[in-house]
Q: 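One structure, pasted below without further comment.
No experiment lies behind these values; they were computed from the predicted model shown. Quick note: numbers below take in every heavy atom, side chains included, and nothing from hydrogens, waters or symmetry partners.
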There are 2 protein chains.
Amino acid sequence: MADTAGAEKERDALRAAHLYYLQDLTMEAIATELHTSRSSVSRLLGYARDTGLVEIQVKSPLDRLSSLQERIRVKHGVTAHVVPVPDSTAEVDRLERVAMSAARILGPFFDSNMTMGIAWGSTLSAVSRHLQEKVTHNSQIVQLNGASNARTTGIGYASEIMSRFGTAFGAYVQQFPVPAFFDDPRTKEVLWRERSIRRVLEIQKHMDIALFGLGSAYADVPSHVYVGGYLDDDDFQQLGRSQVVGDVATVFYRADGSSEDIPMNARSSGPSLEWLRKVSRRVCVVSGRSKLPALRGALAAGVMTDLIIDETTAHSLLED
Amino acid sequence: MADTAGAEKERDALRAAHLYYLQDLTMEAIATELHTSRSSVSRLLGYARDTGLVEIQVKSPLDRLSSLQERIRVKHGVTAHVVPVPDSTAEVDRLERVAMSAARILGPFFDSNMTMGIAWGSTLSAVSRHLQEKVTHNSQIVQLNGASNARTTGIGYASEIMSRFGTAFGAYVQQFPVPAFFDDPRTKEVLWRERSIRRVLEIQKHMDIALFGLGSAYADVPSHVYVGGYLDDDDFQQLGRSQVVGDVATVFYRADGSSEDIPMNARSSGPSLEWLRKVSRRVCVVSGRSKLPALRGALAAGVMTDLIIDETTAHSLLED
DNA sequence: AAGCTCGTTGCACATATGTGCAGACGAAAG
DNA sequence: CTTTCGTCTGCACATATGTGCAACGAGCTT
């Protein structure tokens with residue numbers, strides 16, 4: 001009966017949604033038709049929205065789309081999705097708002113039979129909290145880089161993000177149970193030959209979408225990797241020597257976008273940039289001007305095809 | 001400046017829509033960000049919705065879609081879109097609600113570079129009044145059958161419908177300035193050789209979507225063709241002798257779907273059913289049980305690929 | 001310049017919508 | 001059969017949203 005009840009709720013929600021969004025009836029009127037109270041209808045509609053029965057899209061008229069987006073496309077060759085946010089907004093709110101927009105923009109990108117790879121970090125965490133449900137079939141979410149370190153397994157944090165994505169899309173979740181960074185690159189080499197690991201790498205290789213934020217040591221809110229105990233002093237010095245400006249899924253790069261000969265990368269569990277660039281859609285979420293250097297580097301590296309970014313930072317990006 | 005002002009309004013509307021639908025801000029908050037009053041925001045959002053900047057879709061989860069739709073698909077091989085309407089609804093309201101739903105369901109079907117052929121009649125008129133704007137490029141709307149008769153040119157009525165479609169989609173409108181029925185079939189034959197007419201026929205031949213209602217002499221609200229002075233007593237008798245149960249764009253058919261050897265069809269300006277069946281998407285809008293015989297005939301004739309229908313009638317359709 | 005039309009604005013009010021809460025219900029556990 | 005727990009319901013209230021109206025201002029006409 002539990003199943004039947006659930007199905008009934010969905011039926012009602014669907015009917016309510018149809019009456020509300022397609023026929024412009026008031027909730028009061030819908031309540032009458034459904035023989036229930038107005039408040040229940042309000043709740044049904046809420047359910048219908050959360051659950052993806054209703055999809056709301058905001059579309060820039062393709063012609064005169066925000067000149068900002070157009071200019072970013074011309075200058076950097078990526079599709080930008082600029083999130084309007086007042087300049088005065090505090091960093092946290094800004095991230096929250098970009099994340100919410102990102103979550104909704106993402107919906108149409110992902111569908112049945114697809115595989116999406118996701119990194120983890122404060123940005124992705126925020127995005128995961130705002131996802132709307134969308135049922136898909138035969139789809140999976142795969143973790144791009146390990147999350148455990150010397151101090152914690154990091155699993156709670158990363159897997160929480162993963163599972164939120166999984167449930168939102170009804171997708172199978174493939175975790176990647178390895179440390180973010182190996183102490184010894186040889187350990188990685190060896191482990192990478194294990195079948196259980198190769199299976200995950202194989203899935204990563206076939207992903208249709210990659211989703212990631214940018215790590216930056218200079219960020220106002222320094223990225224999770226830089227404060228979570230993943231790196232020690234030596235590591236930081238090494239990164240400095242390599243002139244690193246940021247990272248994507250724990251893989252570091254320089255201002256010119258190069259990532260070769262950065263020793264840390266040999267120990268990183270993330271996918272090499274070269275590898276990443278083979279994914280057909282690569283979505284990067286960025287919020288806050290302090291990530292600008294990291295963003296410029298990432299653009300130079302050509303790791304993204306889509307950029308979801310707050311307005312202020314987008315403006316700064318175009319300066320000089 | 002008028003242009004600039006319009007663009008500014010659109011920009012604001014887009015930003016408001018983004019803040020409202022993608023970031024869940026309240027109108028009050030948006031008003032602050034936009035430095036305007038809350039009521040203006042309410043109006044901006046209304047504008048954004050009407051104008052197609054915001055698109056709201058209600059999607060049946062593809063798996064367990066209303067068994068009604070599924071059963072219609074199995075039994076009749078068409079994609080049904082069942083519009084929920086309480087059984088007790090009066091005929092006029094019912095038509096109005098089906099039409100509103102139809103208008104919104106239609107949105108995603110039509111896009112740039114497409115041609116849509118439309119018939120005229122009370123159903124289409126109702127649909128046309130509920131269309132939401134959606135900008136397209138290089139698209140056109142073509143009239144499927146003539147509209148003038150012995151008493152009136154019928155042009156006001158039909159062209160009003162046409163132009164509403166045209167403006168809603170920003171499409172070029174191609175009228176078909178011929179009578180609905182010729183007195184003499186030979187006149188039609190001759191006229192059909194005219195280049196101006198052949199041009200329209202040519203456009204019809206390449207249409208991507210056809211949209212029509214069903215005509216029925218038995219309908220509670222007899223269809224426009226049957227009461228608008230298009231047919232005289234002789235015509236009616238002739239239709240009776242031919243065992244006609246309905247018409248699509250002034251082309252008549254019998255209960256078994258056949259339309260051969262119905263003398264009236266030789267005088268009709270509408271596209272033959274055989275011709276119509278070549279269009280890849282053929283959407284039929286039906287409201288009211290009195291159209292059932294006409295609907296059954298049309299299904300037998302295989303003239304439609306999509307059926308937008310009210311719930312009550314859909315139920316009746318499946319009986320016996 | 002005065003008079004006009006048309007479109008916009010914010011206000012004030014009428015409606016419509018969201019939500020905490022207490023009670024009702026049903027399934028699972030005791 | 002009772003208890004417990006979680007879920008759902010409608011009520012009442014707090015908020016959020018839609019809209020008639022009067023005032024305003026930009027262009028245009030006379």
Q: Can you find a side chain N or O atom of S42(A) that sits less than 4.0 Å from OP1 or OP2 on dT17(C)?
A: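 For dT17(C), neither OP1 nor OP2 has a side-chain N or O of S42(A) closer than 4.0 Å.
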Q: Can you list the residues that meet the salt bridge (Lys or Arg N to Asp or Glu O under 4.0 Å) rule with R94(B), with sequence neighbours excluded?
A: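 Checked R94(B) against salt bridge (Lys or Arg N to Asp or Glu O under 4.0 Å); matches are E91(B), D310(B).
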Q: Which residue pairs satisfy the ring pair (Phe, Tyr, Trp, His ring centres under 6.0 Å) criterion with at least one member in residues 81-116 of chain A, sequence neighbours excluded?
A: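 Those involving residues 81-116 of chain A are H81(A)-F109(A), F110(A)-F169(A).
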Q: Let me know the distance between CZ of R49(A) and P of dT17(C), rounded to the nearest Å.
A: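 It is 10 Å, rounded to the nearest whole Å.
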Q: Can you tell me the distance, in whole Å, between the CG atom of L44(B) and the P atom of dG18(D)?
A: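 Answer to the nearest Å: 12 Å.
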Q: Hey, can you pull the residues of residues 33-40 of chain B with a non-hydrogen atom under 4.0 angstrom from DNA chain C?
A: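 Residues of residues 33-40 of chain B that come under 4.0 Å of DNA chain C are, in numerical order, T36(B), S37(B), R38(B), S39(B), S40(B).
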Q: Test of understanding: with salt bridge (Lys or Arg N to Asp or Glu O under 4.0 Å), list the residues that count as partners of D50(B), not counting sequence neighbours.
A: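 D50(B) satisfies salt bridge (Lys or Arg N to Asp or Glu O under 4.0 Å) with no residue once adjacent residues are dropped.
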Q: Go through it in stages, so that I can follow the logic: the residues are R73(A) and T79(A), the test is side chain to side chain donor-acceptor pair (under 3.5 Å), and I'd like the CA-CA distance, side-chain angles, deciding distance and then a yes or no.
A: CA-CA 6 Å; R73(A) 157 164 293 293; T79(A) 303; 2.5 Å; yes
Q: At a heavy-atom distance below 4.0 Å, what parts of residues 17-30 of chain B sit against DNA chain D?
A: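 Heavy-atom contacts with DNA chain D come from Y20(B), T26(B), M27(B).
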Q: What pairs with D24(A) under salt bridge (Lys or Arg N to Asp or Glu O under 4.0 Å), at least two apart in sequence or on another chain?
A: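 Partners of D24(A) under the salt bridge (Lys or Arg N to Asp or Glu O under 4.0 Å) test: R104(B).
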Q: May I have the distance from Y47(A) (atom OH) to dT19(C) (atom P), rounded to whole angstrom?
A: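 In whole Å, dT19(C) P and Y47(A) OH are 18 Å from each other.
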Q: Checking N138(A) now: which residues fulfil side chain to side chain contact (heavy atoms under 4.5 Å, CB included) with it, not counting sequence neighbours?
A: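 Testing N138(A) for side chain to side chain contact (heavy atoms under 4.5 Å, CB included), a comparison that skips the adjacent residues, returns N113(A).
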Q: Using the salt bridge (Lys or Arg N to Asp or Glu O under 4.0 Å) criterion, which residues pair with R43(A)? Sequence neighbours excluded.
A: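 With neighbours one apart ignored, the set is empty.
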Q: Calculate the interatomic distance between R43(B) atom CZ and dT8(C) atom P; express it in whole Å.
A: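 Rounded to whole Å, this separation is 10 Å.
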Q: Figure out the CG/P separation between D12(A) and dC8(D), and round it to whole Å.
A: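 My rounded result for the distance is 12 Å.
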Q: Once side chain to side chain donor-acceptor pair (under 3.5 Å) is applied, do any residues pair with T26(A), and if so which ones, sequence neighbours excluded?
A: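 T26(A) satisfies side chain to side chain donor-acceptor pair (under 3.5 Å) with no residue once adjacent residues are dropped.
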